[in-house]
Visitor: 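Submitted below is the structure of interest, expressed as structure tokens.
Note on naming: letters A, B, ... go to the chains in the order of the sequence lines (proteins, then strands), and numbering restarts at 1 for each one.
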There are 2 protein chains.
Amino acid sequence: MLREPRKKKTKELIVRTAIQLFKEKGYENVTVEEITQLCGIAKGTFFNYFPKKEHMLLYVGSSYNDLLNEIVRKHREGPLKDRLMELFHDFLRLYLKHAELLRLVLIESIQSTSGSTDDTSNLTLFQQSIRQLLEEAKDNGSLRSRHDASDCAIVLVSLFYQTLLSASADADEHKLTADLQKKFDVIWDGIADA
Amino acid sequence: MLREPRKKKTKELIVRTAIQLFKEKGYENVTVEEITQLCGIAKGTFFNYFPKKEHMLLYVGSSYNDLLNEIVRKHREGPLKDRLMELFHDFLRLYLKHAELLRLVLIESIQSTSGSTDDTSNLTLFQQSIRQLLEEAKDNGSLRSRHDASDCAIVLVSLFYQTLLSASADADEHKLTADLQKKFDVIWDGIADA
DNA sequence: AAAAAAAAATGACCGTGGTCATAAATGACT
DNA sequence: AGTCATTTATGACCACGGTCATTTTTTTTT
């Protein structure tokens, strides 16, 4: 059967073409027809592969998955909190490279995740790898916490996303890192002093 | 000048009609034309009052502002953390009454807030009232914290929103309250034990 | 009260996302 | 190779959000 590989090829072609156009001209300024024309296919074909234009954004997101995992794997030295901060700092830098597009991706991911327990969403994947990191830290003693690793991961990741989303257009890397640092300080120590 | 009051009337009429239709049939299933027809005005008129259909969602959001402030004012007894939890619990109940619509409102609010420092957005307003509550608590001694009230407010509010957004369609009030409780425990005590 | 100016309403019109009946392509079977 | 079944591609078509030149209404000026 030669059909499957060919479908995949077409799908990849659409994704690659679309991402490039989105980065060039901005998501809103790219029409589905434009994408398909550049791919040499008919407009209708696009919708055989993606139910909505917005679904492309989820694919843009998942195209970053490998890169994200690599970053998570990279940070293995030093105190846990510092490691996490460096890790998020790297993510932040990556995000800022295409902030306009990735903001849409993030919002779309949030939108598609909510209302359904879908474990394969980009957001959940990311959360899981942070959770895993925390669990390892708990196991090897570098983190002592009465809280569930899973809950901590949710908290950390939401605050990270919140930082990205609240980033105003003029915000630079350093401002955002500082923002994130403050939030992390709060949750790391807790709000109320003992 | 009699123009201003009349404009306001029309705007209110549109908002009321739209909200009702949204709640009846769901945002996506209501067309602008339908709204205007029910208002007895032309389609084009709608866009004299709202630049986009989605802007209606922000107005839906702001229509809850008074109610929200009232809830904040209501909880004045007991330990701070409990008060906050009750407060958020009330919000949550309110949210669940029209979860479908309010999820869209929330997402739209997030979307419109991000990228611009707009202090009048619904989200910012809410955050500010929580911040104020925390500051009062710090002043009268019921909260002792080394962290900025503002930062704490951001953290609390983001986690609340995250809870709302991650609510799957089948989630009930109790499940969500429990979810929220766990997150609040984490940030209240801090992730790492002393 | 008439004329001029300003503001607001209108609906024909357009672009784009998305549908769907039909056509083309592919693979299985004889 | 020829027939049939199934999958995939196609583009005319539609619905809806949004625009804009024109008309209608309201306010100001004389």
Side-chain angles (χ1 to χ4, degrees), chain A residues 1-61 100-101 104-105 107-109 111-112, chain B residues 1-61 100-101 104-105 107-109 111-112:
Chain A
M1 212 190 239
L2 232 71
R3 234 181 288 153
E4 281 303 318
R6 207 134 46 73
K7 273 198 76 171
K8 203 146 206 167
K9 261 263 154 57
T10 309
K11 195 164 187 172
E12 263 170 33
L13 176 61
I14 295 176
V15 173
R16 270 212 320 278
T17 310
I19 293 183
Q20 192 188 336
L21 283 175
F22 291 161
K23 285 182 178 169
E24 272 174 24
K25 319 174 49 181
Y27 176 78
E28 302 282 358
N29 303 318
V30 177
T31 69
V32 172
E33 202 161 20
E34 197 177 354
I35 297 170
T36 53
Q37 271 175 7
L38 211 60
C39 289
I41 59 179
K43 183 172 144 190
T45 306
F46 178 94
F47 294 99
N48 291 344
Y49 292 90
F50 305 94
K52 312 248 165 205
K53 186 191 174 191
E54 295 137 30
H55 270 61
M56 284 296 316
L57 291 172
L58 299 180
Y59 278 79
V60 176
E100 258 165 285
L101 178 57
L104 297 180
V105 170
I107 288 173
E108 185 64 26
S109 300
Q111 207 158 7
S112 80
Chain B
M1 213 189 240
L2 232 72
R3 230 179 297 150
E4 282 303 320
R6 209 134 47 73
K7 276 197 76 171
K8 204 149 207 169
K9 262 264 154 57
T10 309
K11 194 165 188 172
E12 263 171 32
L13 176 61
I14 295 175
V15 172
R16 270 212 321 277
T17 309
I19 293 184
Q20 193 188 334
L21 283 175
F22 292 161
K23 285 182 178 170
E24 273 174 25
K25 318 175 45 181
Y27 177 78
E28 302 283 358
N29 303 317
V30 177
T31 69
V32 172
E33 204 161 19
E34 198 177 353
I35 297 171
T36 54
Q37 270 175 7
L38 212 58
C39 289
I41 59 178
K43 184 171 143 188
T45 307
F46 178 93
F47 295 99
N48 289 346
Y49 292 89
F50 305 94
K52 313 249 166 205
K53 186 191 174 192
E54 295 138 29
H55 271 61
M56 283 297 314
L57 291 172
L58 300 179
Y59 276 78
V60 177
E100 259 166 283
L101 178 57
L104 296 180
V105 170
I107 288 173
E108 184 64 26
S109 300
Q111 205 158 7
S112 80

Visitor: Whole Å only: how far is the CG atom of Asn29(A) from the P atom of dG15(C)?
Guide: 15 Å
Visitor: Per the atom types in the model, does the base of dG18(D) pair as donor or acceptor with the side chain of Lys53(B) at under 3.5 Å?
Guide: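 Result: no qualifying N/O pair found.
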Visitor: Send over the distance from Lys9(A) NZ to dT7(D) P, rounded to a whole Å.
Guide: 23 Å
Visitor: Can you measure from CG (Leu104(A)) to OG (Ser109(A)) and round to the nearest 0.5 angstrom?
Guide: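 Going from the CG atom of Leu104(A) to the OG atom of Ser109(A) covers 10.5 Å.
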Visitor: How close or far is atom P of dG17(C) from atom CD of Glu54(B), stated in whole angstroms?
Guide: 14 Å
Visitor: Tell me whether the NZ or CZ atom of Lys11(B) lies within the 45° cone about the ring axis of Phe50(B) and under 6.0 Å from its centre.
Guide: yes
Visitor: Separation of Ile41(B) atom CD1 from dT24(D) atom P, in whole Å?
Guide: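 After rounding, the gap between these two atoms is 18 Å.
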Visitor: Mind checking whether Val15(A) and Tyr49(A) have side chains closer than 4.5 Å, heavy atoms only?
Guide: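 No, side chains not in contact.
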Visitor: Calculate the interatomic distance between Ile14(B) atom CD1 and dA9(C) atom P; express it in whole Å.
Guide: 8 Å
Visitor: OP1 or OP2 of dT8(D) versus the side-chain N and O atoms of Tyr49(A): is any pair under 4.0 Å?
Guide: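 No, because none of the side-chain N or O atoms of Tyr49(A) sits under 4.0 Å from OP1 or OP2 of dT8(D).
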Visitor: What is the nucleic acid contact for Thr45(A), judged by heavy atoms within less than 4.0 Å: base, sugar-phosphate only, or nothing?
Guide: base
Visitor: Between dT10(D), dT19(D), dG18(C), which nucleotide has the shortest distance from any of its atoms to the side chain of Phe47(B)?
Guide: dT19(D)
Visitor: Working to the nearest 0.5 Å, report the span between NZ of Lys23(B) and CD of Glu100(B).
Guide: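 Result: 12.5 Å between the selected atoms.
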Visitor: Enumerate, in order of first residue number, the stems that involve DNA chain D, defined as 3 or more consecutive Watson-Crick or G-U wobble pairs with both distances under 3.5 Å.
Guide: C:1-30 with D:1-30
Visitor: Measure CZ/Phe46(A) against C1'/dG17(C) and give the value in whole Å, please.
Guide: 10 Å
Visitor: Is Lys52(B) side chain donor-acceptor paired with the dG17(D) base, going by distance under 3.5 Å alone?
Guide: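 No.
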Visitor: Please pick, from dT8(D), dG11(D), dG17(C), the nucleotide with the shortest atom-to-atom distance to any side-chain atom of Ala42(A).
Guide: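 Minimum distance to the Ala42(A) side chain belongs to dG11(D).
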Visitor: Starting at OG of Ser112(A), measure out to CD of Glu54(A) and round the result to the nearest 0.5 Å.
Guide: 10.5 Å
Visitor: Whole Å only: how far is the NE2 atom of His55(B) from the C1' atom of dG17(D)?
Guide: 14 Å
Visitor: Return the CZ to OG1 distance between Phe22(A) and Thr17(A), rounded to the nearest 0.5 Å.
Guide: 10.5 Å
Visitor: Do Ile14(B) and Met56(B) come within less than 4.5 Å of each other through their side chains, counting heavy atoms only?
Guide: yes
Visitor: Lys43(A) has a side chain; which of dA9(D), dG18(C), dG17(D) sits nearest to it?
Guide: dG18(C)
Visitor: What is the distance from CD of Glu33(B) to P of dA12(C), rounded to the nearest Å?
Guide: 10 Å
